[in-house]
Amino acid sequence: MGRVVASVGVRRRDVVVVPGDPAGGFSRARGKGGVTPRRLRRADLLVGDRVARTARRGKQLAVIGESGRMVLVHLGMTGQLSYLAPGSRPAGDAHVHVVWTLKDSRGEEAGRLVFRDPRRFGGVWALPDLAALERRWAALGPDGLTLTGSELARGLAGTRRAVKAALLDQGVVAGVGNIYADEALFLAGIHPLTPGADLDGAAVERLAGAIRRVLREGIEAGGSTLRDYVDGLGRAGTYQTAHRVYGRGGEACVACGGVLESLWVGQRTTVACPTCQPRGGGRRRSAGR
DNA sequence: CTGGTCTCCTGATCGC
DNA sequence: TGCGATCAGGAGACCA
């Protein structure tokens, strides 16, 4: 906050999306299909701007300049946004895609912000104003960290989708990925394949509480480092050691000792305890009696 | 409109 | 030691 962007280096144009790029510009749409991306202007990426504030919704982080322009970063799976102190330079790494060089208000060097993403599922979006951000975020559901039971109930109402598939949909809840969906469903005692609309009020309330809890625990532990995840200062997380089900298919349930089952839900590997998360558990009782 | 499937990409890991 | 096959997954595109 308060730092000025002195310059930016874009090593891969196709991780950056500006208005006018093809189709929302994600994944294969980026700079492909014979569409020539519009020329990137330095101001698009905040050069000359002072950082006014940052904001976050779900998995998206916005760095907002005093001009009103902003840069939105999504880390995908393998993305990292890290801060380098003045004097140190980013590695000559093929996966470093964007480097911002910062100055303080006196014009002294103030380090660099580096976006690195080996698998490039993440990206950087240049947005011209707050309205553009609001349009994007209007498509996101409530943030998982503060999710209430009634918000979740609204997101699950009427859907026949498996509750896990719904949790992974950022339009239902923003910020829940595969690890935390499995962990939350386990804590709530809900089978991942249960149709969303079948959950009764108590189950939805438990699930919302479990989502808040696993996200908070994950943040406190510095995240889950499965392979190479590190935070903005290069520190690995420890939450992977606290996983109750994720990545533990075939192992013993921490609650009942039974064997955890592996299954596929929404194209994602999923692990659940068939005893603690019974199919049909948490179900709304059918009307009539 | 809803929900399911395909696809992008690279590094780690495994079997031979 | 080398090498190909396999797996992992966020979310947009695409399709029934």
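Because only heavy atoms are used, hydrogens play no part in the values below, and waters and symmetry mates are left out as well, while side chains stay in. Naming: A, B, ... by sequence-line order, numbering from 1 per chain.
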Checklist entry - Going hydrophobic residue to hydrophobic residue with side-chain gaps under 4.5 angstrom, can you get from A:V16 over to A:V47? => result yes
Checklist entry - For the side chain of A:Q267, counting heavy atoms from C-beta on, which of C:dG10, C:dA11, B:dT5 is nearest? => result B:dT5
Checklist entry - For A:T78 and B:dT10, is the shortest distance between a side-chain N/O and OP1 or OP2 below 4.0 Å? => result no
Checklist entry - Is any side-chain N of the basic residue among A:D93 and A:R116 closer than 4.0 Å to the acidic one's carboxylate O? => result yes
Item to check | Nucleotide of C:dG9, C:dA11, B:dG3 approaching A:R160 most closely (side-chain heavy atoms) | outcome: B:dG3
Next on the checklist: Tell me whether the side-chain N/O atoms of A:H95 come closer than 4.0 Å to OP1 or OP2 in B:dC9.
Outcome noted: no
Next on the checklist: If I take atom CG in residue A:D198 and atom P in nucleotide B:dG3, what distance separates them, rounded to the nearest angstrom?
Outcome noted: 12 Å
Next on the checklist: Output the rounded distance in Å from CG (A:L263) to P (B:dG4).
Outcome noted: 14 Å
Checklist entry - Mapping A:R12 and A:G266 to their closest nucleotides on DNA chain B, which lands nearer the 5' end? => result A:G266
Checklist entry - Which part of the nucleic acid does A:R161 contact within heavy-atom distance under 4.0 Å: base, sugar-phosphate only, or nothing? => result sugar-phosphate
Item to check | NZ or CZ of A:R136 within 45° of A:W125 ring axis and under 6.0 Å | outcome: yes
Checklist entry - A:Y180 vs A:H243 aromatic rings, parallel, tilted or perpendicular, using cut-offs 30° and 60°? => result perpendicular
Checklist entry - Rounded to the Å, how far apart are A:N178 CG and C:dC7 P? => result 16 Å
Item to check | Distance in angstrom units between A:R116 CZ and B:dT10 C1', rounded | outcome: 11 Å
Checklist entry - To the nearest angstrom, how far is A:D169 atom CG from B:dG4 atom P? => result 11 Å
Next on the checklist: Nearest to the A:R119 side chain among B:dG3, C:dG9, C:dA11, which nucleotide is it?
Outcome noted: C:dG9
Checklist entry - Given atom CD1 of A:I179 and atom C1' of C:dG10, what is their separation to the nearest angstrom? => result 12 Å
Next on the checklist: Rounded to whole Å, how long is the line connecting atom CD of A:Q170 with atom P of C:dA13?
Outcome noted: 16 Å
Next on the checklist: Please check: side-chain N/O of A:T78 versus main-chain N/O of A:R119, any donor-acceptor pairing under 3.5 Å?
Outcome noted: yes
Next on the checklist: From NZ of A:K59 over to C1' of C:dG9, roughly how many Å is that when rounded to an integer?
Outcome noted: 9 Å
